[in-house]
Amino acid sequence: MQTKQPLGLSHPLLLLAGILLIAANLRAPITGVAPLLGTIRDVFALNTFHVGILTTLPLLAFAFASPVGVLLARACGLERSLFIALVVVAIGIVTRSLGPTWALFAGSALIGIGIAIGNVLLPALLKRDFPDRIATLTGTYAVVAGVAAGLASAVVVPLATLPALGWSGALGSFIVLPLLALVVWAPQLIDRSVPTADTPTPERSGRIWHSPLAWQVTFFFGANSFVYYVVVTWLPAILIEAGYSPQTAGSLHGVSQLATALPGLVLMPLIHRLKDQRRLAFGTSLIIAMSLLGLLLAPRLAWIWSALFGFGAGATFILALSFVSLRAADVRQASALSGMAQCIGYTIAAFAPPLFGLVHDVSGGWFVPLSLCLALCGVMACLGYCAGKSAQIGDVTPRRLDSPRAVRG
């Protein structure tokens with residue numbers, strides 16, 4: 001178990017600011033690339049499948065680095081591990097912008113590794129330091145992540161048109177995010193948690209892999225990530241093929257990312273007030289389905305469907321993150337469940353961008369890929385309904401989340 005050193009050198013508001021700035025790095029460095037994929041494809045003479053691989057590399061890094069995050073936290077503590085994650089993201093951003101093809105792909109992988117560590121450890125940090133405000137803070141940092149991603153998508157194309165920057169300089173400008181977060185997070189290295197050898201314990205972690213509820217949370221997370229990264233990767237291409245200019249497509253991509261922030265404002269007061277989250281997870285999955293159907297049938301109203309997709313994807317993402325904390329009994333179990341859900345979930349999602357890019361090339365359009373995503377939304381709705389029940393891993397029967405045992409840890 002990790003214990004907090006009572007040095008008193010870090011103010012709670014500084015801790016919250018650091019958490020939110022880390023959250024700003026969890027999407028923007030990856031999703032901000034999508035509006036420039038056409039330019040990158042032309043510069044490096046890549047086909048649609050290879051462009052999809054560029055987006056897949058961070059997701060594979062998410063999958064394989066997620067268990068590393070748990071081990072890193074055991075060895076170094078949560079605060080130091082999150083600092084290391086930000087350093088890796090910064091190195092990845094610089095590497096990706098160097099120019100050569102190898103740097104483009106290697107930098108993307110490094111960014112994915114850093115984000116993966118942050119994705120795994122932030123829920124555990126919230127479980128430890130803010131056990132009574134998990135839903136509120138999860139929603140808040142999802143808002144920040146969505147706003148940062150939306151702004152990145154909206155400004156990256158205009159920045160890339162500046163002669164002094166180009167595509168590499170535009171992507172390199174994202175270095176501001178991890179550098180700012182590193183400065184604000186640095187005091188946490190003084191007032192830090194002390195790792196011990198039993199964090200997480202094998203007994204507590206092993207229970208995760210034998211729990212049906214843990215698998216429901218994991219596959220809900222995986223389905224959400226699969227659909228999200230298909231759309232977030234190819235939305236500009238879908239819109240350009242529907243007749244929009246690259247600048248407008250980038251702006252609409254930004255709208256979808258900004259809209260992912262809105263559910264945090266709506267869901268924060270709801271999640272703990274509800275007896276369970278089953279209907280909420282089911283309904284938000286159907287919102288994503290509605291947006292995809294709109295893109296298929298009425299692409300001229302893409303600004304509506306882009307915003308609706310962002311809202312639904314943001315809501316399901318917040319729920320998936322909340323399930324990691326709410327379905328776990330303590331911080332060790334939350335860390336193990338977070339690693340499991342993100343390792344398997346992102347492995348599933350990693351195949352999405354190149355696979356659906358290939359489906360586009362074979363089918364000659366985006367109708368078949370979007371239809372497949374639409375069907376997967378139905379599966380996601382069912383998984384969310386199961387994962388949203390009021391229970392924790394190891395329980396025999398469901399129970400209310402406000403019971404004494406439900407809020408321990």
Side-chain angles (χ1 to χ4, degrees), residues 13-37 39-40 54-55 57-58 61-62 79-99 103-119 121-122 140-189 232 236 247 250-251 253-261 264 310 314:
L13 290 180
L14 192 60
L15 173 61
L16 287 173
I19 289 172
L20 297 181
L21 285 171
I22 291 173
N25 287 270
L26 297 184
R27 283 191 181 181
I30 297 300
T31 61
V33 178
L36 292 181
L37 286 179
T39 300
I40 293 172
L54 182 63
T55 308
L57 274 175
F62 288 179
E79 291 82 5
R80 286 181 174 180
S81 299
L82 288 167
F83 189 88
I84 292 170
L86 291 170
V87 171
V88 174
V89 170
I91 294 173
I93 290 173
V94 173
T95 303
R96 185 177 61 183
S97 302
L98 292 178
L104 178 69
F105 286 88
S108 297
L110 284 173
I111 292 170
I113 292 171
I115 292 176
I117 296 172
N119 277 335
L121 298 185
L122 270 187
T140 302
Y141 87 65
V143 168
V144 173
V147 169
L151 293 176
S153 296
V155 305
V156 71
V157 173
L159 287 176
T161 61
L162 298 176
L165 292 180
W167 70 268
S168 60
L171 293 183
S173 66
F174 293 165
I175 191 67
V176 173
L177 294 173
L179 290 183
L180 182 58
L182 283 167
V183 171
V184 176
W185 192 251
Q188 305 306 323
L189 302 184
V232 82
Q247 291 78 9
S251 297
H253 188 272
V255 167
S256 72
Q257 293 302 300
L258 284 172
T260 64

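Note that the structure is a prediction, hence the values are computed from the model and not measured.
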Visitor: Kindly give the heavy-atom pair with the smallest separation between Arg96 and Pro29, and that separation in Å.
Guide: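 Nearest heavy atoms, Arg96 then Pro29: NH1-O, 2.7 Å.
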Visitor: Stepwise, does the side chain to side chain contact (heavy atoms under 4.5 Å, CB included) test hold for Leu159 with Leu162?
Guide: CA-CA 6 Å; Leu159 287 176; Leu162 298 176; 4.1 Å; yes
Visitor: Taking side chain as C-beta onward, heavy atoms only, is Pro58 less than 4.5 Å from Ile111?
Guide: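 Not in contact.
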Visitor: Considering non-hydrogen atoms only, spot the tightest contact between Ala170 and Ala160 and give its length.
Guide: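 Nearest heavy atoms, Ala170 then Ala160: CB-N, 3.7 Å.
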Visitor: Quick one: CZ on Arg27 to CG on Asn119, what's the gap to the nearest 0.5 Å?
Guide: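 It is 9.0 Å, given to the nearest 0.5 Å.
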Visitor: Under the side chain to side chain contact (heavy atoms under 4.5 Å, CB included) criterion, do Val156 and Phe174 qualify, and how do the steps go?
Guide: CA-CA 9 Å; Val156 71; Phe174 293 165; 4.1 Å; yes
Visitor: If you measure from CG on Leu180 to CG on Leu21, what distance do you get to the nearest 0.5 Å?
Guide: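 Rounded to the nearest 0.5 Å, the CG-CG separation comes out at 5.0 Å.
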Visitor: How long is the straight-line distance from CD1 of Ile113 back to CG of Leu57, given to the nearest 0.5 Å?
Guide: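 Leu57 CG to Ile113 CD1: 10.0 Å, rounded to 0.5 Å.
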Visitor: Using 0.5 Å steps for rounding, measure from the CZ atom of Phe105 to the OG1 atom of Thr95.
Guide: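 One gets 14.5 Å once the value is rounded to the nearest 0.5 Å.
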Visitor: Below 4.5 Å, heavy atoms only, C-beta onward: do Leu14 and Trp185 meet side chain to side chain?
Guide: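 Of all side-chain heavy-atom pairs linking Trp185 with Leu14, none is under 4.5 Å.
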Visitor: To the nearest 0.5 angstrom, please state how far the CD atom of Gln188 sits from the CD1 atom of Ile19.
Guide: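 Between atom CD of Gln188 and atom CD1 of Ile19 there are 8.0 Å.
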Visitor: Is the shortest heavy-atom distance from the side chain of Ile93 to the side chain of Leu177 under 4.5 Å?
Guide: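 A side-chain contact under 4.5 Å is absent here.
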Visitor: Can you find a pair of side-chain heavy atoms, one from Leu122 and one from Leu82, that are under 4.5 Å apart?
Guide: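 The answer is yes; the side chains approach within 4.5 Å.
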Visitor: Is the closest side-chain heavy-atom distance between Leu36 and Val157 below 4.5 Å?
Guide: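 Yes - at least one pair of side-chain heavy atoms lies under 4.5 Å apart.
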Visitor: If every non-hydrogen atom of Ala61 is compared with every non-hydrogen atom of Ala109, which pair is closest and at what distance?
Guide: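 Here Ala61 and Ala109 meet closest at CB-O, 3.5 Å.
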Visitor: Which pair of non-hydrogen atoms, one from Gly32 and one from Ser153, has the smallest distance, and what is that distance?
Guide: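 The answer is CA-OG, 4.1 Å.
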Visitor: Kindly indicate whether the side chain of Leu165, heavy atoms from C-beta on, has any atom under 4.5 Å from the side chain of Ser173.
Guide: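 No; the side chains remain at least 4.5 Å from each other.
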Visitor: Indicate yes or no for a side-chain donor-acceptor contact from Ser97 to the backbone of Ser168 under 3.5 Å, with no hydrogens or angles considered.
Guide: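 Here the side-chain-to-backbone pair exists.
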Visitor: Leu20 versus Thr140: any side-chain heavy-atom pair under 4.5 Å?
Guide: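 Counting from C-beta outward, Leu20 and Thr140 do come under 4.5 Å.
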Visitor: Evaluate the side-chain proximity of Val232 to Gln257: yes if any heavy-atom separation is below 4.5 Å, no if none is.
Guide: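 Gln257 vs Val232: side chains touch.
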Visitor: Return the CD1 to CD1 distance between Ile91 and Ile175, rounded to the nearest 0.5 Å.
Guide: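 That separation rounds to 9.0 Å.
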Visitor: Show your reasoning for whether side chain to side chain contact (heavy atoms under 4.5 Å, CB included) applies to Leu86 and Asn25.
Guide: CA-CA 8 Å; Leu86 291 170; Asn25 287 270; 3.9 Å; yes
Visitor: Looking at every non-hydrogen atom in both residues, tell me the closest pair between Ser108 and Leu54 and how far apart they are.
Guide: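 Residues Ser108 and Leu54, closest heavy atoms: OG-CD1, 3.5 Å.
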Visitor: Testing the basics here: between Leu121 and Ser81, what is the closest heavy-atom pair and its distance to 0.1 Å?
Guide: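 Smallest heavy-atom distance, with atoms named: CD1-CB, 3.4 Å.
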